[in-house]
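A short write-up of the structure that comes next.
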Amino acid sequence: MHGIRKRFYSTINNVLVCGSGLMGRGIAQVTAFSGYNVTLYDIKQDVLNKALELIKDNLNHSFNKQLNDKTKAVEQTNKTLARIKASTDLNSTFVASSPDLVIEAIIEDLEAKKTLFAHLDKIAPPGVIFASNTSSLSITDIASGVSRKDNFVGLHFFSPVPIMKLVEIVKTEHSSPETAIICKDTPGFIVNRLLVPYLLESVKLYDQGIASIKDIDTAMKLGAGYPMGPFELLDYVGLDVVKFINDAWHAKNPQDPMFQPSQSINKLVAEGNLGKKTGKGFYDYTKKNKL
Ligand code: 3HC
């Protein structure tokens with residue numbers, strides 16, 4: 001126990017990020033930008049390649065803006081990229097990178113997350129901190145199969161990760177005070193607990209014919225000062241992600257009218273229209289005029 005506690009206080013140098021989708025690649029980018037060594041793990045090589053390309057472009061953009069010097073920006077981008085290793089082999093990656101912290105950002109599926117953490121628990125030395133970036137699942141449930149429950153927290157980032165300044169740190173009743181202190185393990189934590197009902201309510205307004213997608217978005221941007229309207233944000237976050245959250249909360253609270261499944265979202269997801277990432281969601285991004 002003493003050894004474990006000592007490790008809590010030791011500096012984190014190496015971070016393993018599991019999952020290289022929208023969130024995982026953003027987390028890897030900001031972590032490397034902040035000076036940590038990062039290993040980005042994914043089961044798909046093509047997704048990893050794409051993530052590295054996007055990270056490179058984003059870093060280059062940020063450094064260009066910060067330094068106002070193209071040559072220096074390329075230098076800094078390459079220096080930061082050199083801190084990111086990408087791999088599809090979890091076991092050998094783990095040994096080679098010796099992470100102090102693992103951040104999971106894979107598919108929003110409880111069983112998939114539990115399976116990954118059960119495996120990590122076997123190969124990670126005691127004291128390695130495990131964190132999940134889940135948007136909606138209970139951290140306690142995700143951690144239920146691991147032995148290191150005191151070293152398990154939620155680290156909830158927001159999209160786009162390099163721009164949004166908040167990270168929710170979520171503790172369970174088992175998390176040690178040295179590991180986390182901020183928010184209780186409650187569905188949606190703080191932001192999604194408020195944001196997701198707002199998004200779902202917007203879809204209901206549209207489904208009931210009360211206003212058009214464009215008018216609802218314009219109203220919230222001009223009337224509430226939000227940078228994106230709810231439908232732009234739904235498409236941006238991904239309709240599959242929002243459906244996962246909606247379904248999980250509906251399963252837990254089947255009587256709550258707030259979380260009744262949304263026909264519009266289910267239909268779009270069934271058609272493979274997941275939002276901006278697939279080119280179509282509530283808006284059609286393949287057209288010049290989105291609607
Ligand atoms: N990655 C990195 N940088 C990005 C980016 C991305 N995906 N998208 C935009 N940016 C950068 C741009 O490069 C630009 O940087 P610059 O000022 O240095 O040039 C800056 O962000 C502003 O971008 P734009 O000028 O193109 O566009 P906007 O001014 O409209 O800003 C936005 C874009 C920052 C995405 C803004 O619309 C916004 O804040 N939207 C709301 C986002 C939000 O609510 N996120 C939370 C989602 S909920 C969530 O993630 C939780 C999860 O569990 C579901």
Side-chain angles (χ1 to χ4, degrees), residues 19-34 50-68 70 73 76-77 80-81 103-110 113 131-139 142 154-170 183 185-200 202-203 216-218 220-222 224-249 259 265 269 274-277 281-283 285 290:
S20 65
L22 180 68
M23 300 307 284
R25 69 169 182 256
I27 295 168
Q29 180 183 322
V30 294
T31 308
F33 185 82
S34 308
K50 183 87 196 145
L52 290 176
E53 256 175 54
L54 291 165
I55 291 174
K56 186 176 179 182
D57 290 350
N58 274 335
L59 283 172
N60 201 35
H61 174 88
S62 306
F63 283 123
N64 246 325
K65 198 174 169 193
Q66 195 183 71
L67 305 168
N68 203 16
K70 282 194 174 148
Q76 286 305 314
T77 299
T80 310
L81 273 179
I103 306 175
E104 168 274 314
I106 65 166
I107 182 174
E108 194 67 355
D109 177 274
L110 181 60
K113 287 180 194 287
S132 173
N133 176 58
T134 181
S135 359
S136 61
L137 299 169
S138 150
I139 302 297
I142 298 171
L155 273 187
H156 186 217
F157 291 80
F158 296 86
S159 183
V161 180
I163 303 293
M164 306 307 277
K165 292 189 170 59
L166 182 71
V167 177
E168 289 173 318
I169 302 177
V170 185
C183 171
D185 187 16
T186 176
F189 318 130
I190 297 172
V191 176
N192 280 348
R193 177 69 187 78
L194 296 172
L195 182 64
V196 173
Y198 152 70
L199 294 176
L200 296 175
S202 309
V203 179
I216 296 170
D217 274 357
T218 304
M220 292 313 290
K221 285 194 282 188
L222 299 186
Y226 288 8
M228 283 180 177
F231 291 93
E232 288 171 327
L233 192 54
L234 280 157
D235 279 354
Y236 187 74
V237 167
L239 300 181
D240 50 341
V241 174
V242 178
K243 179 173 158 52
F244 273 127
I245 300 174
N246 196 358
D247 289 350
W249 288 1
F259 303 122
I265 293 178
V269 170
L274 308 181
K276 223 171 165 189
K277 62 186 165 189
F282 283 103
Y283 288 100
Y285 299 88
K290 290 191 297 180

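Just so you know, ligand 1 is whichever comes first in the structure, and atom 1 is the first atom listed for that ligand. Residues: numbered from 1 along the sequence shown. Quantities reported herein were computed from a predicted structural model and do not represent experimental measurements.
For atom 6 (C) of ligand 1, the nearest non-hydrogen atom of the protein is P160 CB, 3.4 Å. Closest protein heavy atom to atom 45 (N) of ligand 1: S159 O, 2.7 Å. Of all protein heavy atoms, the one closest to atom 49 (C) of ligand 1 is F158 CD2, 3.6 Å. Nearest protein heavy-atom neighbour of atom 54 (C) of ligand 1: V237 CG1, 3.5 Å. Regarding atom 53 (O) of ligand 1, its nearest protein heavy-atom neighbour is H156 NE2, 2.7 Å. With respect to atom 8 (N) of ligand 1, the closest heavy atom belonging to the protein is Y236 OH, 3.9 Å. Shortest contact from atom 17 (O) of ligand 1 to any protein heavy atom: K65 NZ, 2.9 Å.
Atoms CD1 and CG, from I142 and L137 in turn, are 5.0 Å apart once rounded to the nearest 0.5 Å. We find the CD1-CG distance between I245 and D240 to be 10.0 Å, quoted to the nearest 0.5 Å. Taken to the nearest 0.5 Å, the OG1 atom of T134 stands 7.0 Å off from the CD atom of E104. Expressed to the nearest 0.5 Å, how far CD1 of I169 lies from CZ of F189 amounts to 12.0 Å.
The presence of a protein heavy atom under 4.0 Å from atom 29 (O) of ligand 1 is ruled out. In this structure, atom 33 (C) of ligand 1 has no protein heavy-atom contact shorter than 4.0 Å. Atom 25 (O) of ligand 1 is never approached by the protein to below 4.0 angstrom, counting heavy atoms only. Within a 4.0 Å radius of atom 21 (O) of ligand 1, the protein contributes one or more non-hydrogen atoms. Within the 4.0 Å cut-off (strictly below), a protein heavy atom is located near atom 15 (O) of ligand 1.
Residue contacts with ligand 1 for E232 are absent, since no atom lies close enough (heavy atoms, distance under 4.0 Å). Under 4.0 Å from ligand 1, the heavy atoms of N192 that appear belong solely to its side chain. Neither the backbone nor the side chain of V191 has any atom closer than 4.0 Å to an atom of ligand 1 (non-hydrogen atoms only).
For the residue pair V170 and I139, the shortest heavy atom distance occurs at CG1-CG1, 3.9 Å. Minimum interatomic distance between W249 and S136 (heavy atoms only, all atoms of both residues): NE1-O, 3.5 Å. A pairwise comparison of heavy atoms in S159 and L22 identifies OG-CD2, 3.4 Å as the closest pair. Here the closest non-hydrogen pair linking A105 and I27 is CB-CD1, 4.2 Å. Residue S135 comes nearest to E108 through the heavy atom pair N-OE2, 2.9 Å, listed as atom of the first residue, atom of the second, then distance. The minimum heavy-atom distance linking L234 with I265 is given by the pair CD2-CD1, 4.4 Å.
Atoms of ligand 1 lying under 4.0 Å from at least one heavy atom of P227, given by number and element, are 36 (C), 37 (O), 38 (C), 39 (O), 40 (N), 41 (C). Residue L195 has at least one heavy-atom neighbour below 4.0 Å for each of these atoms of ligand 1: 48 (S). Listed by atom number, the atoms of ligand 1 under 4.0 Å from S135 heavy atoms are 53 (O). Ligand 1 places these atoms under 4.0 Å from at least one heavy atom of M228: 35 (C), 37 (O), 40 (N), 41 (C).
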Kindly indicate, with the supporting measurements, whether the criterion side chain to side chain contact (heavy atoms under 4.5 Å, CB included) is fulfilled by V167 and V161.
CA-CA 9 Å; V167 177; V161 180; over 6 Å; no
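Not close to ligand 1: Y226, with no non-hydrogen atom less than 4.0 angstrom away.
Side chain of E168 to main chain of I190: a donor-acceptor pair is present (N/O by atom type, distance under 3.5 Å, no hydrogens or angles).
Between F33 and F63, a ring centre-to-centre spacing shorter than 6.0 Å is recorded.
The option with the heavy atom closest to atom 19 (O) of ligand 1, from among H61, Q29, M23, is H61. Taking each of I163, L233, V242 in turn, the one with a heavy atom nearest to atom 44 (O) of ligand 1 proves to be L233.
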